[in-house]
Amino acid sequence: MFRYITLNIKDTHSHKGVIENIYLFLPIKLYPRNELRDLMRSLIADVKDKIGEEVEVSGWAQNIRIVGSLAFIDLRDVSGNVQCILFKKNNPDIFNELKVLSRESILTIKGKAVKSQAKLGYEIQIDSLNILNRAKTPLPIGIIDPVETDLETRLENRFIDLRKPQILSIFKIQSTIANSIRDYFYENGFIEIHTPKIVAAATEGGTELFPVKYFEREAYLSQSPQLYKEIMMSAGFDKVFEIAPAFRAEEHNTTKHLNEFTSIDIEMSFSDDEKVMSVLEDIIKVASNSVNERNKKELEILNVNDLNVNYKFKRITYSDYIKMANEKGIEIKDGEDLTTPIFKAVGGGMKEFYFITRWPRSLKPFYVQPHDDIYSKGFDLQFGEIEITSGAQRVHDPEVLISNLKNKGLNVDSFSFYVKAFQYGMPPHAGWAIGLERLTMVLLNLVNIREATLFPRDRTRITP
RNA sequence: GCCCCGAUAGUGUAGUGGCCUAUCAUACGAGCCUGUCGAGCUCGUGACACGGGUUCAAAUCCCGUUCGGGGCGCCA
């Protein structure tokens with residue numbers, strides 16, 4: 001058996017309770033605390049490679065089962081779960097502790113990893129157990145209970161909900177998506193930028209903005225980096241991207257809208273709609289293939305097959321989409337906006353990505369480059385019935401820009417900081433924006449965008 | 001902004017005017033159990049969102065309030 005002593009570390013910044021719970025194997029050697037932890041603690045997923053060895057693991061007691069004079073603990077950390085076993089005769093004191101220990105308490109367990117009849121084929125035989133923190137009972141929501149919990153209740157208790165391996169898997173995958181897209185941009189010569197989220201005026205008119213008190217003036221939370229990323233083209237940055245929050249004050253109440261979401265934006269100089277559509281197709285394939293490679297375990301936990309997007313994304317013109325709607329018996333004329341029922345009727349059965357191109361100028365914002373008198377170089381990326389992205393080649397001629405602003409009924413003066421950037425050398429450019437949460441939702445086939453958001457901000461929720 | 005719907009133990013539910021001092025599961029508490037893994041068995045604690053009204057009688061019907069869900073519009 002091992003003997004333990006309590007370390008006495010004189011660290012005025014540390015919380016007393018933490019210090020008291022740090023134990024050290026004899027012989028005594030005073031390591032700095034961080035080093036101590038790194039030297040001894042194993043991630044639970046790594047235990048499988050340490051059969052026959054002494055291991056130390058820390059985590060949450062997901063389940064505790066007392067079977068006669070045996071005690072089993074399912075211990076969970078970020079990497080996975082492992083069963084730990086204790087025989088009462090080997091340590092009656094720990095056994096009695098376990099009989100009254102609450103689920104989700106925080107433990108450090110030291111013991112020997114051994115092959116066994118446990119489901120994983122191995123388990124940890126407990127030599128010592130340190131209770132770092134006890135969880136209150138009962139839990140606000142169950143983690144392994146065989147009862148469904150309403151999304152509302154889960155979001156109210158998100159810190160516990162996020163402990164579930166399925167929920168954690170969504171965000172591990174989202175991390176891969178963001179990381180692989182960022183890598184792609186870096187590898188392809190994009191400059192990462194950060195534009196202001198407090199702005200003076202609406203980007204495009206139309207959308208409702210959140211007002212912010214800005215000293216003696218009123219400002220707004222940014223709905224999009226659109227104007228700023230275009231200005232960066234005039235600034236000569238050539239290709240830029242930004243991954244940042246965007247805010248929309250629309251009172252929508254649906255499963256695919258948030259009032260704060262993460263927008264992945266790009267803008268490219270000397271480019272056009274076709275080129276940025278290719279980039280978009282690339283990054284979705286890169287993201288999906290990265291998830292397939294790096295998140296096999298998470299996909300399995302979520303019961304999702306490998307993401308298969310290795311097909312050419314179709315380009316459907318807006319006019320053809322109208323014809324397809326007409327063939328489905330829907331009455332809509334060329335020039336009218338596409339509505340949810342139309343997306344459902346035409347795109348509902350297409351469980352794949354496709355572009356809708358050449359939108360009428362009248363349905364797109366002022367900064368979208370005309371293709372001819374009627375149509376524009378604006379496009380959307382759709383997945384089935386859901387809009388994932390909108391993008392376009394942009395106007396670069398300041399005269400066209402000003403006339404578009406006027407035609408849309410916008411006040412040219414309030415856009416002067418933006419228009420000015422077009423008057424002293426603005427290259428042709430194009431770009432798009434894609435919502436990280438919507439992309440995650442679509443790739444993982446989630447029914448509610450809130451599932452793809454750690455702490456969603458919707459019509460009624462600003463806490464937690 | 002428009003329209004529809006909902007609220008019963010910690011969680012998820014049954015309930016359709018009297019059979020409800022309210023069902024079941026799970027959680028929680030106590031006990032038994034030496035290979036459990038959704039452990040099992042026994043016992044126990046625990047709830048009708050709030051305020052008015054109708055009625056001999058309300059979890060149940062009506063009105064209001066609060067909180068929430070969904071659809072549409074808008075968009076990513």
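- Toward the 5′ end of RNA chain B lies the nearest nucleotide of A:Phe87, the other residue of the pair A:Phe87 and A:Ser263 mapping further downstream.
- Nearer the 5' end of RNA chain B, as judged by each residue's closest nucleotide, is the contact made by A:Leu139, out of A:Leu139 and A:Ala118.
- Nucleic acid contact class of A:Asp380 (heavy atoms, under 4.0 Å, all strands): none.
- Counting any heavy atom pair closer than 4.0 Å across all strands shown, A:Leu258 reaches a base atom.
- A side-chain N or O of A:Tyr184 and one of A:Asp282 form a donor-acceptor pair less than 3.5 Å apart.
- What separates CG of A:Asn96 from C1' of B:rG31 is a distance of 14 Å, to the nearest Å.
- For the C1' atom pair drawn from B:rU36 and B:rC32, the interatomic distance equals 16 Å after rounding to whole Å.
- Remark: B:rC48 base-pairs with no nucleotide; criterion is Watson-Crick or G-U wobble with both hydrogen-bond distances under 3.5 Å.
- Using modelled atom types, no side-chain atom of A:Asn179 and backbone atom of A:Ser175 make a donor-acceptor pair closer than 3.5 Å.
- Within the 4.0 angstrom heavy-atom criterion, only backbone atoms of the sugar-phosphate kind lie near A:Glu152; the bases stay farther away.
- If you check B:rC32 for Watson-Crick or wobble pairing at under 3.5 angstrom, you find it paired to B:rG40.
- In the set B:rU34, B:rC37, B:rG1, the nucleotide with an atom closest to the side chain of A:Glu251 is B:rG1.
- In this structure, A:Arg158 and A:Arg450 approach most closely via the heavy-atom pair NH2-O, 3.3 Å.
- Although no hydrogens or angles enter the test, the distance criterion places no donor-acceptor pair under 3.5 Å between the side chain of A:Thr453 and the main chain of A:Phe455.
- Proximity note for A:Thr460 (side chain, C-beta onward) versus B:rC74, B:rU34, B:rG68: the nearest is B:rG68.
- Counting any heavy atom pair closer than 4.0 Å across all strands shown, A:Lys344 reaches sugar-phosphate atoms only and no base atom.
- Here the P atom of nucleotide B:rC75 and the CG atom of A:Leu363 are 9 Å apart, to the nearest Å.
- Dashed line: the shortest gap from a side-chain N or O of A:Arg248 to OP1 or OP2 of B:rC74 is not under 4.0 Å.
- Listed pair A:Asn253 / B:rC4 fails the phosphate criterion, with no side-chain N or O lying under 4.0 Å from OP1 or OP2.
- Atom C1' of nucleotide B:rU34 and atom CG of A:Asn90 are separated by 12 Å, given to the nearest angstrom.
- A:Lys364 places its NZ atom 10 Å from the C1' atom of B:rC75, with the value rounded to the nearest Å.
- The number of heavy atoms from other shown groups lying within 6.0 Å of CD (A:Glu331) does not exceed 12.
- Comparing B:rU36, B:rG69, B:rC74 against the side chain of A:Arg461 picks out B:rG69 as the nearest.
- At distances below 3.5 Å, not a single donor-acceptor pair connects side-chain atoms of A:Ser58 with backbone N or O atoms of A:Thr108.
- Contact annotation: side chain of A:Gln117 to base of B:rU36, donor-acceptor pair absent below 3.5 Å.
- With A:Arg438 contributing its side chain and A:Lys256 its backbone, the two residues share a donor-acceptor pair below 3.5 Å.
- Counting any heavy atom pair closer than 4.0 Å across all strands shown, A:Ser102 reaches no nucleic acid atom.
- Between the CG atom of A:Asp458 and the P atom of B:rG71 there is a distance of 12 Å, rounded to whole Å.
- Among the nucleotides B:rU26, B:rG35, B:rC75, the one closest to the side chain of A:Pro146 is B:rU26.
- Checking B:rU34, B:rG70, B:rG35 against the side-chain heavy atoms of A:Lys89 singles out B:rU34 as nearest.
- Here B:rC75 presents its C1' atom at 16 Å from CG of A:Leu439, a figure rounded to the nearest Å.
- Between A:Arg65 and the phosphate of B:rA39, there is a side-chain N or O to OP1/OP2 separation shorter than 4.0 Å.
- Pair assignment for B:rG12: B:rC24, on the basis of Watson-Crick or G-U wobble contacts that are both within less than 3.5 Å.
- Among the protein residues, A:Ile85 comes within range of the nucleic acid bases, having at least one heavy atom under 4.0 Å from a base atom.
- Across all strands shown, B:rG6 pairs with B:rC67; the Watson-Crick or G-U wobble distances both stay below 3.5 Å.
- Residue contacts for A:Glu148: at a heavy-atom cut-off of 4.0 Å it reaches the sugar-phosphate backbone alone, with no base atom in range.
- Using a 4.0 Å cut-off, some side-chain N or O of A:Thr340 falls inside it from OP1 or OP2 of B:rG73.
- For the P atom pair drawn from B:rC50 and B:rG73, the interatomic distance equals 37 Å after rounding to whole Å.
- Judged by Watson-Crick or G-U wobble contacts below 3.5 Å, the nucleotide B:rC74 has no partner.
- Distance A:Gln166 CD to B:rG38 C1': 14 Å, rounded to the nearest Å.
- Nucleotides B:rC56 and B:rC72, compared at atom C1', are 47 Å apart to the nearest Å.
- Here the separation of B:rC3 from B:rU21, taken at their C1' atoms, is 42 Å to the nearest Å.
- Rounded to the nearest Å, the gap between the C1' atom of B:rG17 and that of B:rU13 is 22 Å.
- The backbone N or O of A:Ile44 lies less than 3.5 Å from a partner atom in the side chain of A:Asp77, making a donor-acceptor pair.
- Straight-line distance between the P atoms of B:rC67 and B:rC74: roughly 28 Å, to the nearest whole Å.
- Pairing partner, B:rC61: B:rG53, with both Watson-Crick or wobble hydrogen-bond distances short of 3.5 Å.
- A sub-4.0 Å separation between OP1 or OP2 of B:rC75 and a side-chain N or O of A:Asn259 is absent.
- Listed nucleotides B:rC72, B:rC33, B:rC28 differ in distance to A:Ile66; the shortest reach to its side chain belongs to B:rC33.
- Note on A:Thr262: nothing from the nucleic acid sits closer than 4.0 angstrom, heavy atoms only.
- For the P atoms, the distance linking B:rA27 with B:rG70 amounts to 28 Å, nearest Å.
- Listed candidates were B:rU36, B:rC28, B:rG73. Nearest to the side chain of A:Thr339 is B:rG73.
- Within the 4.0 Å cut-off from OP1 or OP2 of B:rG35, not a single side-chain nitrogen or oxygen of A:Ser116 is found.
- With hydrogens and angles ignored, the 3.5 Å screen pairs no side-chain donor or acceptor of A:Ser263 with any backbone N or O of A:Asp265.
- Within the nucleic acid shown, A:Glu123 comes within 4.0 Å of at least one base atom, counting heavy atoms only.
- Between the side chain of A:His252 and the base of B:rC72, no donor-acceptor pair of N or O atoms lies under 3.5 Å.
- Looking only at distances, no side-chain donor or acceptor of A:Asp46 sits under 3.5 Å from a matching main-chain atom of A:Ser42.
- Distance CZ (A:Phe210) to C1' (B:rC74): 13 Å, rounded to an integer number of Å.
- Nearest nucleotide to the side chain of A:Asp150, out of B:rG71, B:rU13, B:rC75: B:rU13.
- Taking only side-chain atoms of A:Asp145, from C-beta outward, the nucleotide of B:rU26, B:rC37, B:rU13 with the closest atom is B:rU26.
- Among B:rU34, B:rC74, B:rC28, the nucleotide with an atom closest to any side-chain atom of A:Thr137 is B:rC28.
- Atom name P, nucleotides B:rG12 and B:rG68: the rounded distance is 15 Å, in whole Å.
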